[in-house]
Number of protein chains: 2
Amino acid sequence: MAVRLKDIARDLGVSLITVSKALRGKNDISEETRQRVLTRMAELNYRPNMLARGLASGKSYIVGLVVPDLLHPFFAEFAKSLNGVLRRNNYGLILASSEENPELEQQEIQNVLARGIDALVIASCQPALRGFYGIEDQSTPFVLIDRDFPHLRAHFVGTDDYAAGRLATRHLVQVGRRRIAHIAGPDLSPSADRMRGYKDELTASGILVRQSYIISSSYVEELGEVAGNRIMRKLLDRRPRPDAVFCYNDLTAIGAMSAVMSAGLAIPDDIAFVGCGNVRYSEHLRTPLSSVDQSTSELGEQAGKLALELIGSDCTAPRQIRLQPRLIIRASSQKSAPPARGTSVGKGQSSGRIRSSSRR
Amino acid sequence: MAVRLKDIARDLGVSLITVSKALRGKNDISEETRQRVLTRMAELNYRPNMLARGLASGKSYIVGLVVPDLLHPFFAEFAKSLNGVLRRNNYGLILASSEENPELEQQEIQNVLARGIDALVIASCQPALRGFYGIEDQSTPFVLIDRDFPHLRAHFVGTDDYAAGRLATRHLVQVGRRRIAHIAGPDLSPSADRMRGYKDELTASGILVRQSYIISSSYVEELGEVAGNRIMRKLLDRRPRPDAVFCYNDLTAIGAMSAVMSAGLAIPDDIAFVGCGNVRYSEHLRTPLSSVDQSTSELGEQAGKLALELIGSDCTAPRQIRLQPRLIIRASSQKSAPPARGTSVGKGQSSGRIRSSSRR
DNA sequence: GCATATGCCGGTAGCGCTAACGTATTTGTC
DNA sequence: GACAAATACGTTAGCGCTACCGGCATATGC
């Protein structure tokens with residue numbers, strides 16, 4: 001078995017307690033004994049048993065993360081970034097996936113809570129109508145990410161999706177499009193907010209919002225790419241035919257663009273595209289895809305910091321952190337060859353700026 | 001606080017241990033009391049405290065996963081798949097990332113071991129020369145994935161990378177190329193094996209292996225895409241100029257292809273490409289990329305199963321599981337328009353077949 | 001001089017659970 | 001009806017660690 005505190009204590013002729021205190025930097029230990037203990041620990045390659053520590057202290061130094069799909073580049077990047085913050089603060093990460101299944105999500109939440117996690121970070125896939133529940137009554141602090149549930153008064157870190165919708169739509173208007181369609185996502189806050197942005201921007205530009213130009217995909221039904229393809233074929237039948245599409249995410253856009261090309265139409269000449277999420281490959285696609293970037297890794301950092309902060313202090317007022325998105329313009333929405341790596345067009349000057357506010 | 005075994009015991013007027021046994025399906029409990037206990041547990045929404053259970057039983061029901069980079073689609077897909085297996089067996093997953101840094105990796109291994117994990121799954125980034133060390137002496141079973149360390153006699157799950165190298169190269173030969181270059185990866189088994197396959201296949205086809213056609217990138221230096229671009233520019237200066245390139249992975253291929261296009265050359269007419277890994281977006285690229293698929297999700301499943309198996313029985317002979325790769329042919333290596341979704345060309349009929357063997 | 005402070009160390013109890021063994025009661029066997 | 005064996009439940013002793021309090025020096029106050 002591994003070396004324990006007891007072993008070091010016996011080895012050094014001091015009490016177990018003294019060793020424990022030296023390890024944890026308590027200040028009722030003389031500097032001399034602390035050094036004796038610490039060097040011996042290093043020699044014996046001592047590692048505290050975190051299970052025991054967790055049980056005794058009530059703190060596990062683990063944060064739980066529940067995402068709908070690790071394969072989605074957004075969540076992968078988010079997880080990586082979150083993991084970095086946690087590691088730098090000596091926290092571990094326990095990961096669970098809901099596979100976009102609300103029941104499974106509930107179960108996984110219970111599972112990670114049973115592990116004694118100190119905080120939970122979660123992108124919930126509970127239907128917006130039903131909302132999110134199950135942790136509010138627990139004492140473990142939690143941070144919602146990406147998908148907000150406004151009536152919950154919970155901590156949230158995510159993108160300003162309303163701004164994303166306006167940004168994308170405004171760009172399409174500015175490049176001269178008028179018949180702008182929208183492929184929406186599942187009925188959750190990011191999709192809903194982006195759609196609101198889309199509609200508001202159209203209205204602000206004096207363009208009528210047509211319901212026939214808006215079609216929703218849904219996660220449960222099928223994957224984004226396939227859904228995008230299917231929905232785009234429907235949109236191509238609309239009269240007058242759309243001359244631009246703002247897609248809920250890049251994967252959907254990829255599917256939609258492939259439908260357009262199959263139909264023998266040109267991008268962006270016949271139909272322009274803007275996606276959302278700016279996944280890594282978007283600039284290398286058959287037609288490089290314009291997309292709204294949401295600084296995912298910054299989101300992970302913010303969520304991690306917030307979670308760690310919440311572990312210390314209890315029950316602060318719900319904090320909302322929404323990062324401003326920025327538009328990356330590529331060939332799918334602009335005829336003239338754009339600069340190689342895409343051009344950044346944000347609301348302000350600096351990218352990924354943060355607007356933080358206490359709700360209510 | 002959460003409800004404990006003690007609470008249920010008091011509530012039901014039985015002893016704590018009876019409740020514990022009922023929970024864990026021990027068979028020295030009458031069916032009647034078991035039902036009484038179980039229903040009361042469900043009512044009170046009892047969740048066993050896994051920290052306490054782990055401490056008492058020496059089993060945490062957690063598997064640790066250490067990967068070099070979660071953002072890499074291979075590891076993301078692997079992690080997702082592994083997580084699925086674990087969940088179905090009531091195991092949790094604790095995730096750590098080494099960021100391709102050997103020192104950090106060592107540290108993270110120690111960290112997850114301190115959590116009392118029952119098994120470790122790891123894609124190590126230790127330099128091949130130095131090899132992998134630090135767990136062998138521990139009692140925790142571990143499974144190496146993707147990157148093998150043959151001298152270690154450890155359990156391994158990965159792709160038959162040698163076959164991958166031969167497969168890709170053979171295809172390029174078959175489409176009439178003779179001056180086939182290779183962009184290799186960091187000095188680890190996947191890259192080394194793929195290169196061996198590449199060389200052997202060239203030799204088998206009666207083509208001379210030229211050292212000037214082989215250039216290595218390296219993870220530590222820079223990202224695959226950038227490296228691919230840089231290295232391709234070097235390859236374009238070689239005389240005679242290569243007419244095909246087999247790339248260590250898809251990301252490198254993307255960078256390399258962009259260098260070729262910048263140089264005003266055509267793909268595949270002037271230079272054909274085959275990548276490795278078959279990431280999701282490869283078929284939607286500017287030029288859809290032929291790639292060797294390694295059934296990543298099957299790898300995750302196999303690794304998970306093996307890890308769980310090892311937890312039960314101790315110290316079986318090192319098991320090696322190598323999945324057969326299959327080639328997906330797309331436009332980057334074949335002039336004529338290929339079928340929409342790519343064509344599978346494997347060694348055998350069935351894809352992702354497994355060859356398992358005990359080493360030595 | 002006594003009380004209070006301060007630095008350093010240790011003992012005791014317990015976190016919530018399980019392994020291993022003990023005790024009561026029932027059942028089977030001849 | 002005596003013995004063994006099986007069934008059903010409980011007691012005891014930890015897992016490795018930490019929180020809390022209690023001691024015993026030496027230092028400080030007036």
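The analysis underlying the following values was restricted to heavy atoms, covering all of them including side chains, and did not include hydrogens, waters or symmetry mates. Throughout, a chain's letter reflects where its sequence line sits, starting with A, and its residues are numbered from 1.
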Inset, instruction - Run the salt-bridge test on A:Arg88 and B:Glu99 with the 4.0 Å N-O cut-off and return the result as yes or no. - result: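 Result for this pair is no, no salt bridge flagged.
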Legend entry - Residues B:Arg40 and B:Glu43 bridged, charged N to O under 4.0 Å: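 The answer is yes: the pair qualifies as a salt bridge.
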Inset, instruction - Determine, step by step, whether B:Lys21 and B:Asp28 satisfy the side chain to side chain contact (heavy atoms under 4.5 Å, CB included) criterion, reporting the C-alpha distance in whole Å, the side-chain angles of both residues, the deciding distance to 0.1 Å, and the verdict. - result: CA-CA 8 Å; B:Lys21 285 175 179 169; B:Asp28 69 342; 3.3 Å; yes
Over how many whole Å does the gap from [X] atom [atom1] to [N] atom [atom2] extend?
{"X": "A:Ile8", "N": "D:dT18", "atom1": "CD1", "atom2": "C1'", "value": "16 Å"}
{"X": "A:Tyr61", "N": "D:dT18", "atom1": "OH", "atom2": "P", "value": "9 Å"}
{"X": "A:Leu51", "N": "D:dT18", "atom1": "CG", "atom2": "C1'", "value": "15 Å"}
{"X": "A:Met41", "N": "D:dG16", "atom1": "CE", "atom2": "C1'", "value": "12 Å"}
{"X": "B:Leu55", "N": "C:dG14", "atom1": "CG", "atom2": "P", "value": "17 Å"}
{"X": "A:Leu23", "N": "D:dT18", "atom1": "CG", "atom2": "P", "value": "6 Å"}
{"X": "A:Arg53", "N": "D:dA19", "atom1": "CZ", "atom2": "C1'", "value": "14 Å"}

Legend entry - Presence of A:Tyr46 side-chain N/O under 4.0 Å of D:dC17 phosphate oxygens OP1/OP2: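 For D:dC17, OP1 or OP2 has a side-chain N or O of A:Tyr46 closer than 4.0 Å.
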Inset, instruction - Using side-chain contact (heavy atoms from CB on, under 4.5 Å) as the criterion, point out the one residue from B:Phe78, B:Phe74, B:Phe156 that pairs with B:Asp146. - result: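 The option that passes is B:Phe74.
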Spacing of [atom1] belonging to [X] relative to [atom2] belonging to [Y], to within rounding of 0.5 Å:
{"X": "A:Asn89", "Y": "A:Glu309", "atom1": "CG", "atom2": "CD", "value": "11.0 Å"}
{"X": "B:Ser98", "Y": "B:Gln126", "atom1": "OG", "atom2": "CD", "value": "8.5 Å"}
{"X": "B:Lys26", "Y": "B:Arg24", "atom1": "NZ", "atom2": "CZ", "value": "5.0 Å"}
{"X": "A:Gln302", "Y": "A:Leu82", "atom1": "CD", "atom2": "CG", "value": "12.0 Å"}

Inset, instruction - Using modelled atom types only, decide if a donor and an acceptor are shared between the side chain of B:Glu105 and the backbone of B:Cys125 within a distance under 3.5 Å. - result: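 At least one qualifying donor-acceptor pair exists.
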Legend entry - Within residues 14-22 of chain A, residues whose heavy atoms come under 4.0 Å of DNA chain C: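 Result for residues 14-22 of chain A: A:Val14, A:Ser15, A:Ile17, A:Thr18, A:Lys21, sorted by number.
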Inset, instruction - Taking only heavy atoms on the protein side, list every residue of residues 24-39 of chain A lying under 4.0 Å from any atom of DNA chain C, sorted numerically. - result: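 Contacting residues: A:Asp28, A:Ile29, A:Ser30, A:Thr33.
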Inset, instruction - With DNA chain D as reference, determine whether B:Ser57 or B:Gly13 sits nearer its 5' end, using the nearest nucleotide of each. - result: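 Its nucleotide being nearer the 5' end, the pick is B:Gly13.
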Inset, instruction - Run the numbers on A:Ser124 and A:Arg147 for side chain to side chain contact (heavy atoms under 4.5 Å, CB included), then give the verdict. - result: CA-CA 7 Å; A:Ser124 172; A:Arg147 301 154 181 211; 5.6 Å; no
Inset, instruction - Return the angle between end axes of the helix from C:dA5-D:dT26 to C:dC30-D:dG1, with five pairs used per end and rounding to 10°. - result: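 The helix from C:dA5-D:dT26 to C:dC30-D:dG1 shows an end-to-end axis angle of 50°.
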Inset, instruction - Examine the side chains of B:Glu31 and B:Gln35 and answer whether a donor and an acceptor come within less than 3.5 Å of each other. - result: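 There is such a pair between these side chains.
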Inset, instruction - Looking at every strand, decide which applies to B:Leu5 at a 4.0 Å heavy-atom threshold: base, sugar-phosphate, or nothing. - result: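 It contacts sugar-phosphate atoms only.
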